[in-house]
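Remarks on the structure that follows.
Quick caveat: nothing in here was measured; it's all calculated off a predicted structure. Atoms considered below: every heavy atom in the structure, side chains included; atoms not considered: hydrogens, waters and symmetry mates.
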Amino acid sequence: MNQNLFLKGVRDGIPVGLGYVTVGFSVGIACQVAGLNAFQGFLISVLNNASAGEYAGITVIASDSGLVEMIIMMLVVNARYLLMGCALTQKLDPKLPIWKRLIMGFDLTDEVFGLAIAQKAPVSFVYYVGVMCMAIPSWSLGTVLGILLGNLMPPVLVGAFSATLFGMFLAIFVPVGRKDKVVLACVIISFITSYGCQFLPLVSSWSNGTKTIILTVTISAIAAYLFPRKQEEENE
C-alpha cells in the first residue's frame, strides 16, 4: 500500500518536476549573474524550495545587502506558505507525528500544495514524499544547469534567459489582476513607486532589498485596509 502511494506521488510529481527544471534554469541564470557558483546555487535550491523567495534572496545577495534585510525579505515573500501550511494541516491525520509534518512543510510549494490539497483526506505522508522526490531534485538540477550553461553562453543570451523569470512572475499576477482590479492597481503602483524611488534623495541610497521590503509591506497593508476581502470572497 505504501509503495503504491509513493509511486503515485512520483507519477503525479513528474509534470511538476519538468516545470521546475525550466524555472530552476532561470534561477540558475540569476545565480550566475549574481556571482554564485554551481555548488552554491545547488545548496540554495535544495534548502529553499521557493521560486519567488529564492529569486528575492539572490537579488539581496547581488545587491550586497545585509543579513537582516535577507531575513525580512524571506519572511515577507514566503509569508503565504504559512497560510498554505495551516490549510494543509486540515487534511492531515491528527495522529501524524510532528517530524513527518516538518518534512512535509520543508517542500510546501505552490504546486506541491496543489497536488496534496486535491487528494482525499487524510493526505498520505508517503504520497507527499513521492512528490517531493520529483520536485526537489528537479528544481536543484535546473538551477545547476542554469549556472553551468550561463557560464558558457554569451552575455546577450544570458540576459535574455534572465528575463524568463520575470515572465513567470507576470504569468502569476496578470491573470489575478484581470479578475481583481485591486491587485492590478497594487501591481501598477508598485512599478511606479519602485521606479520613482531611484530619484528620491534619501530613498535612492537604500539598497534594493530594503526598498522592496518597504514597498511590499506598505502597499499591501494599505490595500488590505482600504479594500478588505469579505468573508464570502475568502470562502469562494
Hydrophobic cluster membership, with links at side-chain heavy-atom distances under 4.5 Å among I/L/V/M/F/W/Y: are [X] and [Y] in one?
X	Y	answer
Val21	Leu43	no
Ile188	Val183	no
Ile147	Val46	no
Ile61	Ile71	no
Leu88	Leu82	no

Under a 4.5 Å cut-off applied to non-hydrogen side-chain atoms, are [X] and [Y] in contact?
X	Y	answer
Ile44	Thr143	no
Ile222	Leu226	yes
Gln119	Asp12	yes
Tyr20	Glu111	yes
Phe25	Leu149	yes
Arg178	Leu184	no

Exercise: identify the closest heavy-atom pair between [X] and [Y]:
X	Y	value
Met132	Phe106	CE-CD2, 4.4 Å
Gly114	Ile117	O-CG2, 3.5 Å
Val16	Ala135	CG1-CB, 4.4 Å
Val182	Ala223	CG1-CB, 4.3 Å
Val123	Ala116	CG2-O, 3.3 Å
Ser190	Ile219	CA-CD1, 3.7 Å

**Message:** Is there a side chain to side chain contact (heavy atoms under 4.5 Å, CB included) between Phe125 and Leu5? Walk through the geometry before answering.
**Reply:** CA-CA 9 Å; Phe125 171 76; Leu5 286 173; over 6 Å; no
Drop me the distance from [X]'s [atom1] to [Y]'s [atom2], to the nearest 0.5 angstrom.
X	Y	atom1	atom2	answer
Cys197	Ile192	SG	CD1	12.0 Å
Ile14	Met134	CD1	CE	5.0 Å
Lys100	Asp93	NZ	CG	9.5 Å
Cys186	Phe227	SG	CZ	8.0 Å
Ile189	Ser194	CD1	OG	13.0 Å
Leu108	Ile103	CG	CD1	14.0 Å

Main-chain N/O of [Y] paired to [X] side chain as donor or acceptor, under 3.5 Å:
X	Y	value
Lys8	Tyr127	no
Thr218	Leu215	no
Tyr128	Asp107	yes
Gln90	Ala87	no

**Prompt:** Are Ser45 and Ser140 linked by a side-chain donor-acceptor pair shorter than 3.5 Å?
**Reply:**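 No, Ser140 and Ser45 have no side-chain donor paired with an acceptor closer than 3.5 Å.
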**Tyr81 versus Thr109, side-chain donor and acceptor atoms under 3.5 Å** =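 Judged by distance alone, the side chains do not pair up.
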**Message:** If we check side-chain contact (heavy atoms from CB on, under 4.5 Å) with Met104, which of these qualifies: Leu96, Val131, Thr89?
**Reply:**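 Of all the options given, the one that passes is Leu96.
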**Asked** When you look at Phe39 and Val144, which way does the side chain to side chain contact (heavy atoms under 4.5 Å, CB included) test go after all the steps?
**Response** CA-CA 8 Å; Phe39 179 69; Val144 172; over 6 Å; no
**Prompt:** Under 6.0 Å from the OH atom of Tyr225, do we count more than 12 heavy atoms belonging to anything else shown?
**Reply:**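 Counting neighbours around OH of Tyr225, 12 or fewer heavy atoms of other residues, nucleotides or ligands fall under 6.0 Å, so no.
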**Asked** Are Thr22 and Leu18 close enough, and set up right, to give a side chain to side chain contact (heavy atoms under 4.5 Å, CB included), and what steps lead you there?
**Response** CA-CA 7 Å; Thr22 304; Leu18 293 175; over 6 Å; no
